Amino acid sequence: MQSVPSLVQGRPGLLAERIVLSQWADFAPRTRSSRLPGSFTPRPVEVRYVSATGARTVTAAYGTVIRGIHHWAPDAADILVVPGGGYARRDSPGVWAEIDRGTLPRALAAATRPGLTISALCTGVILLSAAGLTHGRPCTTHNKAKPDLERQGGLLKNARVVDDGDLVTAGGITSGLELALWLSRRELGADAATDLEAMLEYEARGTVRTAG
């Protein structure tokens with residue numbers, strides 16, 4: 001799949017990625033690797049943390065505090081990345097609390113438009129499911145959440161990453177690295193992805209399932 005040069009924010013060629021944070025998000029593997037591809041390509045890459053609830057500070061998994069979160073503006077993005085977290089207990093902060101609140105699923109559902117890729121990793125895919133974005137579409141998630149995703153209408157695939165065009169999903173935990181490498185390859189080219197692998201000292205493994 002060839003990426004289309006972005007014109008968001010009036011900067012031709014800019015690849016604008018937004019990592020969607022919520023309370024108790026477990027986002028470390030994908031977030032760290034998200035900031036690196038711009039070092040290996042002449043195309044400008046801009047990565048920002050955003051919140052659909054207006055929060056400027058989020059306490060992520062294991063107490064990490066993230067400050068300086070930007071406002072929700074999916075029309076100024078090429079890629080949204082939704083991490084999971086807090087899925088094991090329904091009475092704790094995390095995915096279930098965000099689904100019950102409803103703000104983030106509604107914002108994700110309203111964000112869809114031509115030219116925007118919405119991606120998620122781990123149990124963040126269940127947030128996409130709550131937004132109605134995975135129904136009838138190939139997808140994957142953390143092993144523990146796969147039965148829920150399938151019950152909710154997702155077409156579950158046995159792959160580390162499932163690329164269905166404007167919807168890209170990844171499995172649990174280290175699959176976030178696979179997501180970073182795949183999106184880097186798709187949007188920035190094979191050389192950027194290979195250089196990112198070298199920087200991370202991590203080789204992509206497992207299956208990436210693509211549309212068609």
Side-chain angles (χ1 to χ4, degrees), residues 1 18-31 50-53 58 60-62 72 74 77 79-114 116-183 186 204-212:
M1 177 179 296
R18 304 294 181 253
I19 300 174
V20 183
L21 295 185
S22 56
Q23 297 297 331
W24 211 248
D26 189 1
F27 66 99
R30 170 62 189 153
T31 302
V50 299
S51 169
T53 65
V58 164
Y62 311 110
W72 180 252
I79 301 172
L80 297 180
V81 180
V82 183
Y87 193 77
R89 294 182 53 181
R90 286 180 176 262
D91 60 348
S92 65
V95 169
W96 293 117
E98 294 302 324
I99 290 173
D100 290 342
R101 182 182 303 162
T103 303
L104 179 51
R106 287 193 296 271
L108 291 168
T112 59
R113 59 169 171 80
L116 175 66
T117 296
I118 299 181
S119 67
L121 60 146
C122 200
T123 54
V125 182
I126 302 299
L127 286 165
L128 301 192
S129 179
L133 302 182
T134 60
H135 187 82
R137 300 190 65 177
C139 54
T140 190
T141 185
H142 190 286
N143 281 330
K144 294 290 186 180
K146 284 181 177 178
D148 289 334
L149 182 61
E150 195 165 31
R151 279 194 296 269
Q152 294 164 14
L155 301 182
L156 195 62
K157 300 300 177 182
N158 183 24
R160 298 268 283 174
V161 175
V162 178
D163 185 333
D164 194 39
D166 60 358
L167 176 70
V168 184
T169 55
I173 310 176
T174 58
S175 293
L177 293 170
E178 254 66 55
L179 178 64
L181 291 168
W182 173 250
L183 289 176
R186 193 182 92 161
R205 64 185 183 86
T207 301
V208 175
R209 184 192 185 279
T210 58

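Each residue takes its place number in the sequence, starting with 1. Bear in mind that the values here come from a model prediction, so they are computed numbers and not experimental data.
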Original post:
If only atom types and distance count, is the side chain of T207 paired as donor or acceptor with the main-chain N or O of R209 below 3.5 Å?
Top reply: no
Original post:
At their closest point, which heavy atom of C122 faces which heavy atom of I173, and how far apart are they?
Top reply: SG-N, 4.0 Å
Original post:
If every non-hydrogen atom of L179 is compared with every non-hydrogen atom of V161, which pair is closest and at what distance?
Top reply: N-CG2, 3.8 Å
Original post:
Side chains of R186 and T117: do they bring a donor and an acceptor to under 3.5 Å?
Top reply: yes
Original post:
Sequence neighbours excluded, which residues qualify as side chain to side chain contact (heavy atoms under 4.5 Å, CB included) partners of S92?
Top reply: R89
Mind listing the side-chain donor-acceptor pairs of residues 123-137 below 3.5 Å, one per line with the distance, residues two or more places apart or on another chain?
residue : atom : partner : partner atom : Å
T123    : OG1  : G85     : N            : 3.0
S129    : OG   : Q152    : OE1          : 2.5
H135    : ND1  : Q152    : O            : 3.4
R137    : NE   : D164    : OD2          : 2.9
R137    : NH1  : D166    : OD1          : 3.2
R137    : NH2  : D164    : O            : 2.8
R137    : NH2  : D164    : OD2          : 3.0
R137    : NH2  : D166    : OD1          : 2.7

**OP:** Might you point out which heavy atoms bring G86 and W96 nearest each other, and give the distance in Å?
**Re:** O-CD1, 4.2 Å
**OP:** Determine, stepwise, if the pair T140 / K146 fulfils side-chain contact (heavy atoms from CB on, under 4.5 Å).
**Re:** CA-CA 7 Å; T140 190; K146 284 181 177 178; 3.7 Å; yes
Original post:
With W182, which residues qualify under side chain to side chain donor-acceptor pair (under 3.5 Å), at least two apart?
Top reply: D163
Original post:
Backbone N or O of T169 within a donor-acceptor pair of the S119 side chain at under 3.5 Å?
Top reply: no
Original post:
Taking all non-hydrogen atoms of both residues, which atom of L167 and which atom of P138 are closest, and how far apart?
Top reply: CD2-O, 4.2 Å
Original post:
For the side chain of R113 and the backbone of P74, is there at least one donor-acceptor N/O pair under 3.5 Å apart?
Top reply: yes
Original post:
Considering all heavy atoms of both residues, which atom of Y62 and which atom of W24 are nearest to each other, and what is their separation?
Top reply: N-CH2, 3.3 Å
Original post:
Roughly how far, to the nearest 0.5 Å, is OH of Y87 from NE2 of H142?
Top reply: 10.5 Å
**OP:** Could you go through the side-chain contact (heavy atoms from CB on, under 4.5 Å) check for T53 and L104 one step at a time?
**Re:** CA-CA 7 Å; T53 65; L104 179 51; 5.6 Å; no
**OP:** Indicate the atoms forming the closest heavy-atom contact of A111 with L116, along with that distance.
**Re:** O-CD2, 3.2 Å
Original post:
Taking atom CG of L149 and atom NZ of K157, what is their separation to the nearest 0.5 Å?
Top reply: 11.5 Å
